[in-house]
Amino acid sequence: MNYWLMKTEPDTFSIDDLKAQKTSGWDGVRNYQARNFMRDDMKKGDLILIYHSSCEVPGVAGLAIVNKESHPDPSAFDSQSNYFDPKSNQDNPRWFMVQVKYKAKFKAFVPLSQIKKEKKLQDMKLIQKGNRLSIMPLEKSEFLHILKLANYSLT
DNA sequence: GCCAACGTTGGC
DNA sequence: GCCAACGTTGGC
């Protein structure tokens with residue numbers, strides 16, 4: 001079992017949108033490192049922190065789970081899509097995604113400012129200088145500590 | 001809106 | 001393979 005953090009801009013797709021849809025293909029990722037995590041490493045049942053970025057108060061908003069493992073991102077084939085990539089095609093897809101399933105919206109949102117203050121979270125990739133990855137692995141201890149801050153318990 | 005930091009592109 | 005130019009991310 002692995003643990004992940006996935007960023008999303010809530011103006012585009014928020015934890016509330018995921019809650020309403022229940023499941024969603026995580027399309028539109030156009031960064032190779034993030035793609036590789038989805039294509040190679042994210043397994044069904046892995047748990048995911050959903051992070052709101054580029055918004056008034058950035059931070060961790062909720063929890064999701066990998067529902068379907070890697071498959072080609074169809075938005076890359078759609079010339080009408082913002083995520084269209086003419087270099088990707090059905091025979092040789094360049095971009096992959098996983099499908100995620102809603103688990104919870106945290107009652108206690110965990111803001112980035114709080115994460116930065118937590119001694120136990122200082123090694124998180126999220127707060128390393130210059131890191132812009134939209135999908136990143138978490139240590140189990142980091143994952144659990146954030147659940148604690150969110151006042152959320154698994155089971 | 002600013003801007004630091006990073007990733008990608010493409011000429012050479 | 002180098003690297004300048006450009007585009008994007010994302011916090012502030």
Side-chain angles (χ1 to χ4, degrees), chain A residues 2-21 24-42 46-64 66 70-100 102-139 141-152:
Chain A
N2 289 309
Y3 302 91
W4 305 93
L5 181 145
M6 294 174 111
K7 295 180 185 173
T8 182
E9 298 188 14
D11 291 346
T12 305
F13 188 81
S14 70
I15 189 72
D16 292 317
D17 295 321
L18 182 60
K19 182 177 185 177
Q21 282 181 220
S24 177
W26 208 260
D27 63 1
V29 172
R30 296 293 177 266
N31 168 282
Y32 289 105
Q33 210 177 338
R35 177 203 69 181
N36 293 349
F37 284 136
M38 287 199 288
R39 189 188 60 186
D40 305 332
D41 301 320
M42 295 183 81
D46 283 359
L47 292 169
I48 306 160
L49 296 177
I50 301 296
Y51 178 90
H52 284 175
S53 68
S54 293
C55 55
E56 202 161 336
V57 186
V60 178
L63 184 67
V66 177
S70 174
H71 49 291
D73 178 346
S75 68
F77 308 135
D78 176 5
S79 62
Q80 302 306 305
S81 168
N82 288 335
Y83 305 126
F84 177 60
D85 181 354
K87 292 173 184 163
S88 189
N89 61 70
Q90 303 272 1
D91 294 333
N92 186 20
R94 174 176 294 206
W95 302 111
F96 293 81
M97 63 180 197
V98 297
Q99 185 192 66
V100 309
Y102 174 83
K103 284 274 284 185
K105 177 181 179 177
F106 295 147
K107 292 197 182 77
F109 181 88
V110 184
L112 176 61
S113 57
Q114 185 180 8
I115 291 172
K116 286 180 169 172
K117 286 181 201 155
E118 290 290 321
K119 286 197 176 64
K120 289 179 179 171
L121 300 178
Q122 292 307 300
D123 291 335
M124 277 184 75
K125 287 193 172 56
L126 181 70
I127 58 173
Q128 301 312 310
K129 187 182 173 190
N131 176 43
R132 304 187 320 189
L133 264 185
S134 64
I135 298 174
M136 68 190 78
L138 298 173
E139 295 297 329
S141 60
E142 295 166 347
F143 175 82
L144 292 176
H145 193 65
I146 289 182
L147 289 195
K148 198 167 152 190
L149 297 177
N151 199 20
Y152 179 85

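In what follows, chains are A, B, ... by sequence order, proteins preceding strands, each numbered from 1.
Counting heavy atoms from C-beta on, the side chains of A:L126 and A:L5 come closer than 4.5 Å.
Side-chain proximity of A:K87 to B:dG10, B:dT8, C:dG11: nearest is B:dG10.
Nucleotide B:dT8 holds its P atom 13 Å from the CZ atom of A:R30, rounded to whole Å. Distance A:D85 CG to C:dT8 C1': 15 Å, rounded to the nearest Å. Atoms CD1 (A:I115) and C1' (C:dC12) sit 16 Å apart, rounded to a whole Å. In this structure, CG of A:L133 is placed 10 Å from P of B:dT8, rounded to the nearest angstrom. In this structure, A:K7 atom NZ and C:dT8 atom C1' are separated by 12 Å, rounded to whole Å. Here C:dG11 presents its C1' atom at 13 Å from CD1 of A:I127, a figure rounded to the nearest Å. Atom CE of A:M136 is separated from atom P of B:dC6 by 14 Å (rounded to the nearest Å). The CZ-P distance, from A:R132 to B:dA5, rounds to 12 Å in whole Å.
For the 3.5 Å distance criterion, the side chains of A:S88 and A:R30 fail to qualify, holding no donor opposite an acceptor.
Taking only side-chain nitrogens and oxygens, A:K129 never comes nearer than 4.0 Å to OP1 or OP2 of B:dA4. Between A:Y51 and C:dG11 there is a side-chain polar atom (N or O) within less than 4.0 angstrom of OP1 or OP2.
Contact between A:P10 and A:S53 at its shortest, heavy atoms only, is CD-O, 3.3 Å.
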Applying side-chain hydrogen bond (donor to acceptor under 3.5 Å, both in side chains), run through A:R94 and A:Y32 and close with a yes or a no. CA-CA 9 Å; A:R94 174 176 294 206; A:Y32 289 105; 3.1 Å; yes
